[in-house]
K.L.:
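This is the structure, below, for whatever I ask next.
Throughout, protein chains are lettered first and strands after them, A, B, ... in sequence-line order, and every chain is numbered starting at 1.
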There are 2 protein chains.
Amino acid sequence: MKKAEATRLTILEKAFELIYMQGYQTTSIDDIIATTKVTKGAFYYHFKNKDEMGLSIINDLLKPTLAGSFIGPLQTDADPLTAIYNLMHNLLMENEFLKVEYGCPAANLTHEMTSWNADFNKALNELTRQWIDAMIDLIERGKTDGLIRKDVNARQATMFVMSGYWGIRNFGKLERSKEVYLPYLNELKNYLETLR
Amino acid sequence: MKKAEATRLTILEKAFELIYMQGYQTTSIDDIIATTKVTKGAFYYHFKNKDEMGLSIINDLLKPTLAGSFIGPLQTDADPLTAIYNLMHNLLMENEFLKVEYGCPAANLTHEMTSWNADFNKALNELTRQWIDAMIDLIERGKTDGLIRKDVNARQATMFVMSGYWGIRNFGKLERSKEVYLPYLNELKNYLETLR
DNA sequence: GCAAAAACATACTACTTAGTATGTTTTTGC
DNA sequence: GCAAAAACATACTAAGTAGTATGTTTTTGC
């Protein structure tokens, strides 16, 4: 049962790419099987329907990625505020999988799917909650270490930073250039310094 | 030519509502003519195709609204930082047309349309640029009035605040409750105070 | 009051969509 | 090696989609 798992994975990976570029609703199953060169029979053998595949993309692809690229850098012994800034700078300016014109995959799916599918909503909620909690933990650690002011509200500050990230990703889609990221990053640095 | 203009306007208004709730791609023309009780012949008399109607929504409906609810409050003689906070608080917590579960119309359209339609991109770019410029002007005025520090970069600060707004609107769609707005607004207030 | 244009109405088309029915091939356990 | 199940392939369906063709009604200018 090795090859079967491989086709399932290629479906997920190629479908994710298409959805990341085109959106979920506008990516058809015919589209997916055309680029994967997998037949419709194979597709529906692995997934009950389109939505089940979509959920698998979130749970089987995005969640592991989140743990690696988004949460890992927050679980560090380094200076918390520097770690947060570096994470954002890395995600926005250096990450090779995220393209400025396509924005943030999780934010895109949230925008498109929350009204339609409760399961998507739940999965995306779990996904973001993990990231949020990781940042909250880091800020709390910074407070106990004396690197962040005690009167800083960790959840508040986290929501503020995360909102900025999702928002600037959307501005990136609009401008189609990483240039817009720069003023955001500069001011993020200014803001983070005020938390010391 | 009064009644004709009225039908055109009802099409735009009802279509906007549907698109705001459901998204652009997933709102069909049959959907629109069903809720407006306008026939397909009437629809295609007023609009060449679906995209032309979409553009008219941005240019004929959203732009005037933006001027009123979004830009007007920034053209004030009051304290700039208080004005910015009050605007955001009003938009997020009090505005009766914007629903937490549907997010920000302009942000939604940006998410959905930028990759597909260059005209949409241009129209949305103009729309947001107007709002951005208004906030930049207000911050600059605050600097000359001595209400904001001279070393504050107006464009940077504006992009930071606007990103946060678009981002928290998306978190609202995810959580489906204005509760998420509160930590954001609190921290926004903290941030704005650091600009004095 | 009446022709012409504007405004609207109805029936249809060509295409795309998610999903199914019914196959064939490949792998697996014994 | 071979039956049974897993994995894949092909052809189809029913419902929806944007848009068109061809009307009829209403408004407008004179």
K.L.:
Just how far, in rounded Å, is P of D:dG19 from NZ of B:Lys48?
P.N.:
9 Å
K.L.:
Grab the CG-P distance between A:Asn49 and C:dT20 for me, whole Å please.
P.N.:
8 Å
K.L.:
Contact class for A:Thr27 (heavy atom, under 4.0 Å): base, sugar-phosphate, or nothing?
P.N.:
sugar-phosphate
K.L.:
Return the 5'-most residue of the pair A:Asp51, B:Lys40 with respect to DNA chain C, ranking by each residue's nearest nucleotide.
P.N.:
B:Lys40
K.L.:
Between D:dC8, D:dT20, C:dT17, which nucleotide gets closest to the side-chain atoms of A:Ser28?
P.N.:
C:dT17
K.L.:
Let's see if you can work this out: which of D:dG19, C:dC8, D:dA9 has an atom nearest to the side-chain heavy atoms of B:Ile29?
P.N.:
D:dG19
K.L.:
To the nearest angstrom, how far is B:Tyr44 atom OH from C:dC12 atom C1'?
P.N.:
14 Å
K.L.:
How long is the line joining CG of B:Asp30 and P of C:dT10, in whole Å?
P.N.:
14 Å
K.L.:
Round to the nearest Å and state the distance from A:Lys50 atom NZ to C:dT20 atom P.
P.N.:
15 Å
K.L.:
Partner lookup for D:dA6, please. Criteria are Watson-Crick or G-U wobble with both distances under 3.5 angstrom; report none if nothing qualifies.
P.N.:
C:dT25
K.L.:
When you check the phosphate oxygens OP1 and OP2 of D:dA6, does a side-chain N or O of A:His46 lie under 4.0 Å from one of them?
P.N.:
no
K.L.:
Only pairs with both distances under 3.5 Å count, Watson-Crick or wobble alike; so what is the partner of D:dG16 in this structure?
P.N.:
C:dC15
K.L.:
Whole-Å distance between C:dA11 P and B:Phe43 CZ?
P.N.:
20 Å
K.L.:
Could you list the residues that satisfy side chain to side chain donor-acceptor pair (under 3.5 Å) with A:Asp151, not counting sequence neighbours?
P.N.:
A:Arg149
K.L.:
To the nearest Å, how far apart are B:Glu52 CD and D:dT20 P?
P.N.:
12 Å
K.L.:
Please state how far atom NZ in A:Lys3 lies from atom C1' in C:dT28, giving the value in whole angstrom units.
P.N.:
15 Å
K.L.:
Could you tell me whether the side chains of B:Tyr24 and B:Asp51 share a donor-acceptor contact shorter than 3.5 Å?
P.N.:
yes
K.L.:
Determine the minimum heavy-atom distance between B:Ser69 and B:Leu87, stating which atoms define it.
P.N.:
O-CD1, 3.4 Å
K.L.:
Kindly assign one of parallel, tilted or perpendicular to the pair A:Phe47 and A:Phe43, based on the angle between their ring planes and the thresholds 30° and 60°.
P.N.:
tilted
K.L.:
With a 4.5 Å heavy-atom cut-off, do B:Lys63 and B:Leu127 have their side chains touching?
P.N.:
yes
